Amino acid sequence: MNESNVYLQDLSRGIIKENPVFRLLLGMCPVLGVTAFLINGLGMGIAATAVLVASNVVISALKNFIPNQVRIPCFIVVIATFVTIIEMVLQAFQPVLYEALGVFVPLIVVNCVILGRAEAFASRKPLFRSLIDGIGVGIGFTLALGLLALVREVAGQGTIMGPDPDSAIHLFGAGFEPMGLFGQPAGAFIALGLLLGIVNVLFKRFKIQ
Amino acid sequence: MRDIFRLSLTLVVVAIISASLLTGVYSVTDPIIRERQEKDYFQALEEFFPAIDQFETREIEGDRFDLVYDQAGEKLGVMATVGTQGYDGKISYNLAVDYDGEIIGIRIISHSETPGIGDVITTDNFQEQFIGKGFDDPIRDGEDVDSISGATLSTGAMIDGIRRTITQIGEDILGRERKAFDPTEIVDGIYQGSVEGTHGPLTVEVEIADGIIKRVDVIEHNETEAYFVDAYPEIPEKIVEEQEVYVDTQTGGTLSAERIVAAVEKALEGGPVDKDDGGESNE
């Protein structure tokens, strides 16, 4: 196996084979909580990706300095630091998104995708591979959130690019009555379940292991 | 022993680096956040009062009230920044009132009501019914404004909150007084009135004799008992003692107290009930 192949594998693993949402079912709180609108879902995905990449890099760089016994507290402090930075940056430059994501921004700290990658990958592998891994898993997480949010917004609101009325595109005529359930948390479970089923069928069909 | 020292040192170093990083980012973003919030705030004022030139802020019990002036120094009105308990957490909003005490507009700043249900409070459809209502209007569900079925708790909370805010603006800032009931001008007799309470109607009976409020009784209520005991019999006693309908309702059961006052007000607005008719209203 040559070198670029390793990096490519690191990148694609997080997107397809070990997609955090569809394959590992990790970090489900924000997945269910913020996916009522596509913009919110993608915003959450990007924010989590930024934290994931940054924490992966830092933890990989520090892995030789951090004693094994206190590695989890150290990882959490690193992750929490980046989350707080993201929170302040969002509040300053993306206030609308910050309001929409609400409590789920600080909750990125306890998103198990991030701690999971720190523990399983970044604390063992070289820096550059950890960076690629963070990007891959982040893309996989963002894509999954985007897909779920797209389904929920189209079904639950009849729009895409909402909730801001300036950017919202109404897909159906004025007579369309949206399925309000999909805008609710319960609808998130149902939509996620359906998507998981489809993904499993596809994986079986194309024999991806 | 040396191991513990090394572990603690690592944690301390990590924490110090983290704290200094956060301090740096905070000092950069904080002014931007503040400036943006100020700008948003002034924009909201401008939206309600296009002729705004300057404003003066007053704080009353943690709520912010801005008196708005135009270029000539004339008072244009007041914008309140207040919060009310909604169905699921606090709803904070701006309420703009012109100098005559009439509502110009409502702007929801933040809320956590159920998406697709309680968030109707942000729609024009719900908010428009308040425009033009004022200090002298009852602003009560089912009377001059309507809650929205399916979202009764969220919309009802907004109605109650707006009524309280406009009363406060009227009394504390615009210096208005509620229309007073003069017991000596009311025909002697028994009066009954009821308003919607927490879980059903609250009905009071008021007896006027020789131009004096003789007694106030709550004859029917469905309030939460724990709060209701703080309002009753304290509020009726106060009304009889002060011979005044609009007594101070700040008690452990403010909502129940307000409802008793409102029911007394309604009772005295209607005619006396005929006692021989089994206590039914003769409207």
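Predicted, not measured: the structure shown is a model, and the values here were computed from it.
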> Around B:Glu59, counting heavy atoms of other residues, nucleotides and ligands shown, do more than 12 lie under 6.0 Å from its CD?
Replying inline: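 Above 12, so yes.
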> With a 4.5 Å heavy-atom cut-off, do B:Val28 and A:Met88 have their side chains touching?
Replying inline: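 Side chain of B:Val28 against side chain of A:Met88, heavy atoms only: no contact under 4.5 Å found.
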>> Quick check on A:Phe93 against chain B: is it the side chain, the backbone, both or neither that has a heavy atom closer than 4.5 Å?
In response: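 The side chain, not the backbone.
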> Heavy-atom distance under 4.5 Å between the side chains of B:Ser18 and A:Val78, does that happen here?
Replying inline: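 They are not in side-chain contact.
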> So, for A:Gln91 and B:Gln37, which heavy atoms are closest and what is the spacing to 0.1 Å?
Replying inline: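 Looking at all heavy atoms of both residues, the shortest contact is NE2-NE2, 4.2 Å.
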>> Is it the case that atom OH in B:Tyr41 sees more than 12 heavy atoms from other parts of the structure closer than 6.0 Å?
In response: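 Counting other residues, nucleotides and ligands, OH of B:Tyr41 exceeds 12 neighbours.
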>> Can you tell me how far apart CD1 (A:Ile66) and CG (B:Leu7) are? Round to the nearest 0.5 Å.
In response: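 Separation between the atoms: 11.5 Å.
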> Has B:Phe42 got more than 12 heavy atoms of other residues, nucleotides or ligands less than 6.0 Å from its CZ?
Replying inline: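 Above 12, so yes.
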> So with a 6.0 Å cut-off around OH of B:Tyr87, is the heavy-atom count from everything else above 12?
Replying inline: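 Incorrect, the count does not exceed 12.
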> Around B:Arg34, counting heavy atoms of other residues, nucleotides and ligands shown, do more than 12 lie under 6.0 Å from its CZ?
Replying inline: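 For B:Arg34, atom CZ is not crowded (no more than 12 foreign heavy atoms under 6.0 Å).
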> By a 4.5 Å heavy-atom criterion (distance strictly below it), what part of B:Glu35 contacts chain A: side chain, backbone, both, or neither?
Replying inline: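 Looking at B:Glu35, nothing touches chain A.
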> Distance from A:Gln69 atom CD to B:Leu11 atom CG, nearest 0.5 Å?
Replying inline: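 A:Gln69 atom CD to B:Leu11 atom CG measures 10.5 Å (nearest 0.5 Å).
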